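Report on the following structure.
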Amino acid sequence: MQKTIYGSIVWFIVTLFVVYSFCLNTAAAVFSEPIKTSLQASNLGVSIAVGAFIVGFALMQIPAGYLLDKYNARFVVSSGVLLLAIGNIIISFANNIILFSIANLIQGIGASFAFIAAGIVISQWFSLKLFPILFGLTQTLSCILAAIIHYIFSVELATHTWNEIYQMLAIFGAILFFLTLVLVKSPVNSKRSKNVSLKQSLMRVLKNKQVILCALAATTSFGSLLAYASFWYLNVQKFYSVAMLDAVMISGMIFIGIGIGTPILGYISNKLKSRKLIIHVTLCLGAMFLLMCLYLPHFQIQTLVIIKIISLLTGFFLSGSMLFYTVVSEISSDNTRGVALSVTNTGVFLFNTIMMFIPYVFITAISSMFFTYLWILPLFVIISILLNYFIKESYAD
């Protein structure tokens, strides 16, 4: 009981780390206009500066997983939080776009530890059955709190500069750093291999066909969902002349669906004693609702209630793809779990980024509307469903 209580405290603190990193990932986008004005930067300069976060995140994702496999979570997690806080401090005093870019790069490196750290501490402190539920709750809190914090950002911009907001974030980061340094740790009996190099660990993961299949399946399903929910939904709503605020709410319903669905579907997979079954059913239903998001006409209802419900269900069912992370965790050893989860998350992250450009390939002079090129999103979800047939059941009593 005492271990469970302490493990819950560790999980909650690491979840705050995930929320912190997720907010900073998109904060620069919220502040892009005032940043461009105050730093006298061009649109290209701001885009490069914002993209520096993505570069740092992508480059350190797999090394972060390796460090979490090899060392006590206390030192690795606290280092990630410290990098985020340092990035906040530097950004708050940035007076040119170069310094802003460097600070954002540092933040991206720090954020690369967050999501994988949540998976590692859950696997260390809790049973296999609780992994999909708690990992799902991490996603739930991240979606809900990030949405609330972004709203607060928008409100605060009316009375504070973006520099001042980053200073407040730095204070939060300093508090979180203290909490991680004092409270976050790996259990005494956790196994860590200190004689395995990053290259050896990565090769073990890449030679595991089941991990690669799970990574590809998660990439093509959850990556497609994120690409639609964070970017392509806007093209669809513009076609139907939906107001920007309503369009953002429609996107928000997808993320609410993800937040609700992830822990619930994890719980159901425990009850039915099958990860594969839940993944298959939810991805099939999710593909159907994604098709409706793209091609069902918007009926003349002022509240747009139908498309909002469909968006919610799309997020809910496609969140079943998060169970691929559970499968990866269950089939990995303690020595390679962090790297395996990192490989999976890197695939999802990079594919989400690439999918913001791939549909443009199918735009021609006579087919420029969204319905002639966004078919590629449900196509990749269907590919994920096919890949699931080759993945072995990982649930074990």
Side-chain angles (χ1 to χ4, degrees), residues 6 8-32 34-35 38 49-50 52-54 56-57 60-61 64 68 73-95 99-122 134 137-185 252 255 259:
Y6 193 86
S8 300
I9 294 171
V10 172
W11 165 77
F12 182 71
I13 292 173
V14 175
T15 296
L16 289 179
F17 179 26
V18 176
V19 174
Y20 184 34
S21 64
F22 187 74
C23 288
L24 291 176
N25 184 18
T26 53
V30 177
F31 304 145
S32 60
I35 287 171
S38 63
V50 173
F53 187 102
I54 297 174
F57 185 92
M60 272 301 294
Q61 183 73 174
L68 284 161
R74 168 178 292 160
F75 306 112
V76 182
V77 175
S78 59
S79 297
V81 175
L82 181 61
L83 286 170
L84 285 178
I86 291 173
N88 289 169
I89 295 170
I90 297 173
I91 280 184
S92 67
F93 293 104
N95 55 8
L99 187 58
F100 185 95
S101 301
I102 293 172
N104 224 18
L105 178 69
I106 293 172
Q107 288 185 149
I109 293 172
S112 65
F113 292 87
F115 198 63
I116 305 305
I120 292 299
V121 299
I122 291 169
L134 291 175
L137 284 174
T138 297
Q139 189 82 358
T140 302
L141 291 173
S142 299
C143 290
I144 294 173
L145 292 178
I148 295 171
I149 292 169
H150 281 175
Y151 175 75
I152 294 173
F153 284 165
S154 302
V155 173
E156 289 297 313
L157 273 176
T159 55
H160 296 80
T161 65
W162 60 270
N163 308 76
E164 292 171 335
I165 295 174
Y166 269 112
Q167 287 172 8
M168 288 186 280
L169 287 169
I171 293 171
F172 174 79
I175 295 171
L176 187 60
F177 170 69
F178 175 77
L179 290 174
T180 55
L181 202 57
V182 173
L183 296 174
V184 173
K185 64 179 181 180
F255 285 104

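Remember, predicted model here, so these are calculated numbers, not experimental data. Here, residue 1 is the first one in the sequence, and each next residue gets the next number.
- Rounding to the nearest 0.5 angstrom, the gap separating the CG atom in L83 from the CZ atom in F177 is 10.0 Å.
- Y166 places no side-chain N or O within donor-acceptor distance of the main-chain N or O of G87, the cut-off being under 3.5 Å.
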Q.
Run the side chain to side chain contact (heavy atoms under 4.5 Å, CB included) test on S142 and T138 for me, step by step, so that the C-alpha distance in whole Å, both residues' side-chain angles and the decisive distance to 0.1 Å come before the verdict.
A. CA-CA 6 Å; S142 299; T138 297; 4.3 Å; yes
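- Side-chain atoms of L84 and S21, non-hydrogen and from C-beta on, do get closer than 4.5 Å to each other.
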**Q.** Steps toward side chain to side chain contact (heavy atoms under 4.5 Å, CB included) verdict (Y20, Q107)
**A.** CA-CA 10 Å; Y20 184 34; Q107 288 185 149; over 6 Å; no
Q. Should Y6 and K185 be marked as a side chain to side chain contact (heavy atoms under 4.5 Å, CB included) after you check the CA-CA gap, both sets of side-chain angles, and the distance that decides it?
A. CA-CA 10 Å; Y6 193 86; K185 64 179 181 180; 3.7 Å; yes
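- Taking the six-membered ring where tryptophan is involved, the planes of F57 and F53 are essentially parallel, since the angle between them stays under 30° and well short of 60°.
- The minimum heavy-atom distance between F93 and L99, with the atom names listed, is O-CD2, 4.3 Å.
- Here CG of L176 is found 11.0 Å from CG of L82. Values are rounded to the nearest 0.5 Å.
- Between I89 and A170, the shortest heavy-atom distance links the atoms CG1-CB, 3.7 Å.
- Atoms CG and CG, from L145 and L16 in turn, are 7.5 Å apart once rounded to the nearest 0.5 Å.
- The CG atom of N104 lies 11.0 Å from the CD1 atom of I109; values are rounded to the nearest 0.5 Å.
- Minimum heavy-atom separation, I90 to A103: CG2-CB, 3.6 Å.
- Nearest approach of V182 to R74, heavy atoms of both residues: O-NH2, 3.5 Å.
- Interatomic distance, CD1 of I13 versus OG of S8, reported as 11.0 Å (0.5 Å rounding).
- Minimum heavy-atom separation, F17 to V81: CD1-CG2, 3.6 Å.
- Interatomic distance, CZ of F178 versus CG of L181, reported as 8.0 Å (0.5 Å rounding).
- Atom CZ of F12 has 12 or fewer neighbouring heavy atoms from other residues, nucleotides or ligands inside a 6.0 Å radius.
- Heavy-atom minimum distance, V121 versus A73: CG1-CB, 4.1 Å.
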